[in-house]
Amino acid sequence: MFAVARLLAFVALTVTTAVVANPVVVRDSPVRSDVVRRRNGSRTSAQELLAHDQARARAFNTAGKEGLRNVADVFAVNASVVNSAYAYTVNVGVGTPPTQYSLLVDTGSSNTWIGARGKNYTKTGSSVDTGKQVVLAYGAGSFSGQEYLDTVTIGKNKLTNLSIGVASNVSHFDRYDGILGIGPTGLTVHTTSGGQTVPTILDNAFSQGVIKNKVLGISFEPTTEINVTNGELTSGDINPSKFTDEIAYTSPWSKYVGVDQSITYGSSGKKILTYAAGFTDTGTTLIMLASDYEPQDAFSAYQNDTGAVQDDSVGLLMLTKEQFSKLESLLFHIGDHTYELTPNAQIWPRAVRCCVSTTTKTVYLIVADLVAVGNGGPAFVSSLAFLERFYIVWDAENAHVGFATTPFTYAATN
């Protein structure tokens with residue numbers, strides 16, 4: 001079994017000002033975060049990576065339907081699934097004085113919690129036990145524990161009385177200390193024993209005047225290096241220097257940070273997916289296309305059009321070098337705009353090619369089968385591989401998702 005490098009990106013926050021485009025009106029400075037892409041010494045297989053992304057998509061399909069579940073049931077469901085090889089994390093201080101935690105930045109969930117990797121919660125004078133239980137399952141991991149209200153420090157900014165899940169049981173979270181959930185507030189329903197929604201970190205920052213808009217700008221970049229600053233998260237604003245055309249906004253699918261779109265392949269416009277619902281997710285690595293979204297099989301259509309073959313020893317689609325030379329762009333049609341994923345953007349990063357396979361005769365693709373979600377779930381997941389090529393804006397206040405091209409949309413960098 002071949003191995004894949006685990007890459008962690010850590011965030012150091014700074015505060016600065018920026019000019020903002022419509023529809024966001026800025027009245028104060030944003031919180032801007034530099035993202036560093038790093039290689040972790042640990043490894044996981046490509047099959048495990050694929051299993052993680054597929055399990056996460058299935059969890060999106062069922063999230064919120066059952067409410068707060070029994071802890072034993074949560075862990076039984078997820079015991080066999082390992083975590084992702086890729087993650088973007090932010091250093092967050094909790095308490096007064098603060099204890100620092102490295103938290104996964106996750107648009108696919110909305111609760112903030114700590115206590116993974118054995119890094120325990122340190123109670124201070126600002127800690128308030130709400131008496132509520134909190135339980136969350138992510139498909140590729142889960143936790144349970146108690147809800148506290150506490151002071152959170154991000155860079156130079158402090159938020160008081162933020163809801164923090166303090167884990168007493170954790171499954172399959174061994175690469176970071178917890179999660180910073182930045183998705184829609186509605187995703188927090190039934191995550192605590194109180195049953196109500198829980199204000200997110202964006203909600204708190206807005207209500208306390210730290211930011212003046214409930215907006216998150218996401219900029220990641222492909223790179224030929226591992227340990228390099230290659231991204232930015234901007235809370236409360238967007239950064240016009242990170243994109244090259246006007247941001248086009250659309251309403252999200254369901255309760256997630258997602259969209260309705262169609263997908264075609266190549267200059268002839270071969271149909272991969274007719275107009276259907278899906279979402280963008282910083283917690284997923286591979287671009288996922290559903291094979292069981294009736295009456296469509298988007299994954300098989302993509303595989304047939306590219307001529308790719310599944311390499312079972314790796315878990316990814318594979319092309320010969322000759323086939324790669326003929327690979328065409330994958331086109332995402334959202335509203336009146338089309339976003340092009342070039343051939344270079346569709347392949348496994350060359351910088352970590354050795355971690356997938358030792359052979360140099362083939363090229364691996366980062367498009368995979370969503371599997372076993374069906375029409376009740378997403379038809380696609382636009383993951384980190386997609387986010388490295390486009391600027392994404394989550395406007396939580398207006399429930400809009402925005403996209404724009406960047407200097408890296410058409411770059412050969414990979």
Consider only side-chain N and O atoms of [X] and [Y], and report whether a donor and an acceptor are under 3.5 Å apart.
X	Y	answer
Q346	Y364	no
S291	D369	yes
Y121	S127	yes
S383	T284	no
E147	S163	yes
T405	T244	yes

Item to check | Six-ring centre of Y265, K270 cation under 6.0 angstrom, axis tolerance 45° | outcome: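 No, K270 and Y265 do not form such a contact.
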
Next on the checklist: Check for me whether K212 meets the cation-pi criterion with F206, that is, NZ or CZ under 6.0 Å from the six-membered ring centre and within 45 degrees of the ring axis.
Outcome noted: no

Checklist entry - For the residue pair L365 and A308, what are the closest heavy atoms and their distance? => result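 Looking at all heavy atoms of both residues, the closest pair is CD1-CB, 3.8 Å.
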
Checklist entry - Between Y249 and H400, what is the ring plane arrangement, given parallel below 30°, perpendicular above 60°, and tilted in between? => result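 Y249 vs H400 ring planes: tilted.
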
Next on the checklist: Which label fits F173 and W113: parallel for a plane angle under 30°, tilted from 30 to 60°, or perpendicular past 60°?
Outcome noted: perpendicular

Checklist entry - Roughly how far apart are K242 NZ and F408 CZ, rounded to 0.5 Å? => result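 Separation between the atoms: 8.0 Å.
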
Next on the checklist: To the closest 0.5 Å, what do you measure between CG (L317) and CG (D311)?
Outcome noted: 9.5 Å

Item to check | Side chain proximity check, I392 to F403, heavy atoms < 4.5 angstrom | outcome: yes

Checklist entry - For I201, which of N111, I164, L103, L180 qualifies under side chain to side chain contact (heavy atoms under 4.5 Å, CB included)? => result L180

Next on the checklist: Tell me every residue that passes ring-ring contact (aromatic ring centres under 6.0 Å, His included) with F390, counting only those two or more places apart in sequence or in another chain.
Outcome noted: Y339, F386

Checklist entry - When you check the gap from the basic side-chain N to the acidic O, do K214 and D203 get nearer than 4.0 Å? => result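 Between D203 and K214 there is a salt bridge, with a charged N closer than 4.0 Å to a carboxylate O.
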
